[in-house]
K.L.:
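There's a structure below that I have some questions on.
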Amino acid sequence: MGTIAFVGLGVMGWPMARHLASAGHQLRLFNRSAEKAHLFAAAYGGTPCATVAEAAKGADALITCVGNDDDVRQVTIGPDGGFQSLADGALFIDHSTVSAHLARSLAQSHPRIGCVDAPVSGGQAGAESGQLAIMCGGTEAAVLAATPILQAYGRRIVRIGEAGHGQLAKMANQIAIAGVVQGLAEALHFAAKAGVDPDALIDAIGQGAAQSWQMDNRARTMVEGKFDFGFAVDLMRKDLGLVLAEARANGASLPVAALVDQFYADVQKMGGGRNDTSSLIRRLA
Ligand code: NAP
């Protein structure tokens, strides 16, 4: 087991770091609001550090799970960032959902570091249970070296391709989810307008060609108007922003994802930014 600098002890990062501590890694901790690092250390061990640079010094790997592109830039190449002190050959594993451009440019400008963009799917529940799906971009050697670390909280760890390809895979994941959730919301809305019993409907079509993870896990709660089940609309809009920017650059045509992004903007205007993504049905009521 090695020494890991872990940055970003939020909804996702806290349980990931907890799994790393249980696996026997020595953790050097940094979080923007310092009290989280101290609380974590008191509960699970590890050393709170004053800066990311201090945390990364002597570490075998720097792992980040922060918010957006600016946060990742700050904790890596910012004034007190980790890259200045990370040893040659050490790993940088980023679990934040950010642009593929940033992942590529960090890897290209720091070839002495084994950079792996490793966004995750599975939400808070997946992080807590150590059952995340992890989409990796980076050299084969870097992803191979990162894999034993990622196994502490990853159920499925797949190298998609070179740097940036983990983020591109996460974008494809969000495109697929956006369309499925809107389709499910429309099916349930239509059934309600037509006077069809929703329980009988879900029982019947949930086993057929319309079956999906969203159908299995969200259809009944959507009917009940319950939208407190993890991945929030605000985060989905951030992700769809990354998707649409990437599509503008690569020429992909994403009419449904663009439309659903606007529907999520409607949900935000209705005060639902912290609702989970199944809340698309709210604007059809
Ligand atoms: P979160 O709860 O807001 O946690 C982010 C953590 O990073 C916070 O503890 C925050 O510190 C810290 N942080 C942010 N910027 C920082 C900086 N510049 N320097 C140091 N620490 C910083 O967010 P999350 O839900 O864990 O999400 C983290 C990433 O995973 C995001 O990119 C998100 O899109 C992605 N993701 C989330 C989910 C999900 O279900 N939540 C699922 C898949 C992927 P403070 O305590 O100061 O805020």
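As the structure lists them, so they are numbered: ligands from 1, and atoms in each ligand from 1.
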K.L.:
In terms of side-chain geometry, is the basic nitrogen of Asp203 or Arg220 positioned less than 4.0 Å from the acidic oxygen of its partner?
P.N.:
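Arg220 and Asp203: salt-bridged.
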K.L.:
Which ligand 1 atoms are under 4.0 Å away from a heavy-atom of Leu9?
P.N.:
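Listed by number with element, the hits are 9 (O).
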K.L.:
Hey, is ligand 1 close enough to Val11 that some N/O pair sits below 3.5 Å?
P.N.:
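Right, the criterion is met.
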K.L.:
Does a salt bridge link Glu162 with Arg159, judged by any charged N lying under 4.0 Å from a carboxylate O?
P.N.:
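A salt bridge is present here (some side-chain N lies under 4.0 Å from a carboxylate O).
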K.L.:
Do Tyr264 side-chain atoms and Thr277 backbone N/O form a donor-acceptor pair below 3.5 Å?
P.N.:
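Pair found, side chain donor or acceptor close to backbone of Thr277.
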K.L.:
Select the closest option to atom 24 (P) of ligand 1 among Met236, Met12, Gln174, Met16, judged by heavy-atom distance.
P.N.:
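Selected option, by shortest heavy-atom distance: Met12.
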K.L.:
Nearest 0.5 Å, please: how far is NE2 in His95 from CE in Met135?
P.N.:
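Spacing of CE (Met135) from NE2 (His95) equals 10.5 Å.
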K.L.:
Heavy atom under 4.0 Å from ligand 1: found in Gln74's side chain, backbone, both, or neither?
P.N.:
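The answer is the side chain of Gln74.
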K.L.:
Could you tell me, atom by atom, which parts of ligand 1 come under 4.0 Å of a heavy atom of Lys36?
P.N.:
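Result: 8 (C), 9 (O), 45 (P), 46 (O).
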K.L.:
If we count only non-hydrogen protein atoms and require a distance under 4.0 Å, does atom 26 (O) of ligand 1 qualify as touching the protein?
P.N.:
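Under 4.0 Å from atom 26 (O) of ligand 1, at least one protein heavy atom found.
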K.L.:
Check for me whether Phe30 has a heavy atom closer than 4.0 Å to any atom of ligand 1.
P.N.:
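Judged by the 4.0 Å heavy-atom criterion, Phe30 does count as contacting ligand 1.
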K.L.:
Does NZ or CZ of Arg283 come closer than 6.0 Å to the centre of the six-membered ring of Phe263, within 45° of the ring's axis?
P.N.:
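The answer is yes; both the distance and angle limits are met.
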K.L.:
So which of Arg73, Gln124, Glu35, Arg32 gets nearest to atom 14 (C) of ligand 1, if we judge by its closest heavy atom?
P.N.:
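When every heavy atom of Arg73, Gln124, Glu35, Arg32 is considered, Arg32 comes closest to atom 14 (C) of ligand 1.
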K.L.:
Have a look at ligand 1 and work out which part of Val75, if any, has a heavy atom under 4.0 Å from it: side chain, backbone, both or neither.
P.N.:
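Near ligand 1, Val75 shows its side chain, while the N, CA, C and O stay back.
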K.L.:
I need the nearest protein heavy-atom contact for atom 40 (O) of ligand 1: residue, atom name and distance, please.
P.N.:
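Checked against all protein heavy atoms, atom 40 (O) of ligand 1 sits closest to Phe231 CD1, 3.4 Å.
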K.L.:
Suppose we measure from atom 7 (O) of ligand 1 to each protein heavy atom; which comes out shortest, and what is that distance?
P.N.:
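Sorting protein heavy atoms by distance from atom 7 (O) of ligand 1 puts Gly8 CA, 3.5 Å first.
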K.L.:
What protein heavy atom sits nearest atom 44 (C) of ligand 1, and how far away is it?
P.N.:
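Residue, atom and distance for the closest contact: Thr97 OG1, 3.7 Å.
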K.L.:
Find all atoms of ligand 1 within a distance of less than 4.0 Å from any non-hydrogen atom belonging to Ser96, and give their numbers and elements.
P.N.:
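What qualifies from ligand 1 is 32 (O).
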K.L.:
Suppose we measure from atom 5 (C) of ligand 1 to each protein heavy atom; which comes out shortest, and what is that distance?
P.N.:
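Scanning the protein heavy atoms, the shortest distance from atom 5 (C) of ligand 1 goes to Cys65 O, 3.9 Å.
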K.L.:
For atom 12 (C) of ligand 1, what is the closest protein heavy atom, and at what distance to 0.1 Å?
P.N.:
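Atom 12 (C) of ligand 1 sits closest to the protein heavy atom Asn31 OD1, 3.4 Å.
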K.L.:
Could you tell me whether Glu128 and Arg18 make a salt bridge, using a distance below 4.0 angstrom between a side-chain N and a carboxylate O?
P.N.:
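So Glu128 pairs with Arg18 through a salt bridge.
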K.L.:
Tell me whether Gln214 contacts the main-chain N or O of Val180 through its side chain, where contact means a donor paired with an acceptor under 3.5 Å.
P.N.:
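Side chain of Gln214 to backbone of Val180: no pair is present.
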K.L.:
Which residue supplies the protein heavy atom nearest to atom 28 (C) of ligand 1, what is that atom called, and how far is it?
P.N.:
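Of the protein heavy atoms, Val66 O, 3.2 Å lies nearest.
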K.L.:
Could you go through the side chain to side chain contact (heavy atoms under 4.5 Å, CB included) check for Lys226 and Asp276 one step at a time?
P.N.:
CA-CA 9 Å; Lys226 293 178 181 168; Asp276 74 60; over 6 Å; no
K.L.:
Could you tell me whether the side chain of Val7 reaches within less than 4.5 Å of the side chain of Leu62, counting heavy atoms only?
P.N.:
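A side-chain contact exists here, since the closest heavy-atom pair is under 4.5 Å.
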K.L.:
Show the atoms of ligand 1 that are less than 4.0 angstrom away from any heavy atom in Lys238.
P.N.:
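By the 4.0 Å cutoff, the relevant atoms are 31 (C), 32 (O), 33 (C), 34 (O).
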K.L.:
Tell me the contacting part of Lys170 for ligand 1: side chain, backbone, both, or neither, using a 4.0 Å heavy-atom threshold, strictly below.
P.N.:
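Looking at Lys170 and ligand 1, just side chain atoms fall under 4.0 Å.
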K.L.:
What class does the angle between the rings of Phe83 and Phe92 fall in, given that below 30° is parallel, 30 to 60° is tilted and above 60° is perpendicular?
P.N.:
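Rings of Phe83 and Phe92: perpendicular, over 60°.
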K.L.:
Return the CD1 to OG1 distance between Ile157 and Thr147, rounded to the nearest 0.5 Å.
P.N.:
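With rounding to 0.5 Å, CD1 (Ile157) is 5.5 Å from OG1 (Thr147).
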K.L.:
I need the atoms of ligand 1 closer than 4.0 Å to a non-hydrogen atom of Ser33, numbered in the order shown.
P.N.:
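In order of numbering, the contacting atoms are 45 (P), 46 (O), 47 (O).
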K.L.:
Distance under 4.0 Å to a non-hydrogen atom of Gly67: what atoms of ligand 1 satisfy this?
P.N.:
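With Gly67 as reference, the close atoms of ligand 1 come out as 31 (C), 32 (O).
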K.L.:
Flag the pair Asp70 and Arg73 as a salt bridge only when some basic side-chain nitrogen lies within less than 4.0 angstrom of an acidic carboxylate oxygen.
P.N.:
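The answer is yes: the pair qualifies as a salt bridge.
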K.L.:
Atom 3 (O) of ligand 1: protein heavy atom closer than 4.0 Å?
P.N.:
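When distances to the protein are checked, atom 3 (O) of ligand 1 has no heavy atom within 4.0 Å.
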K.L.:
Report the C-alpha distance between Ile63 and Met16 in whole Å, list the side-chain angles of each, state the deciding distance to 0.1 Å, and finish with yes or no for side chain to side chain contact (heavy atoms under 4.5 Å, CB included).
P.N.:
CA-CA 10 Å; Ile63 302 184; Met16 288 175 180; 5.8 Å; no
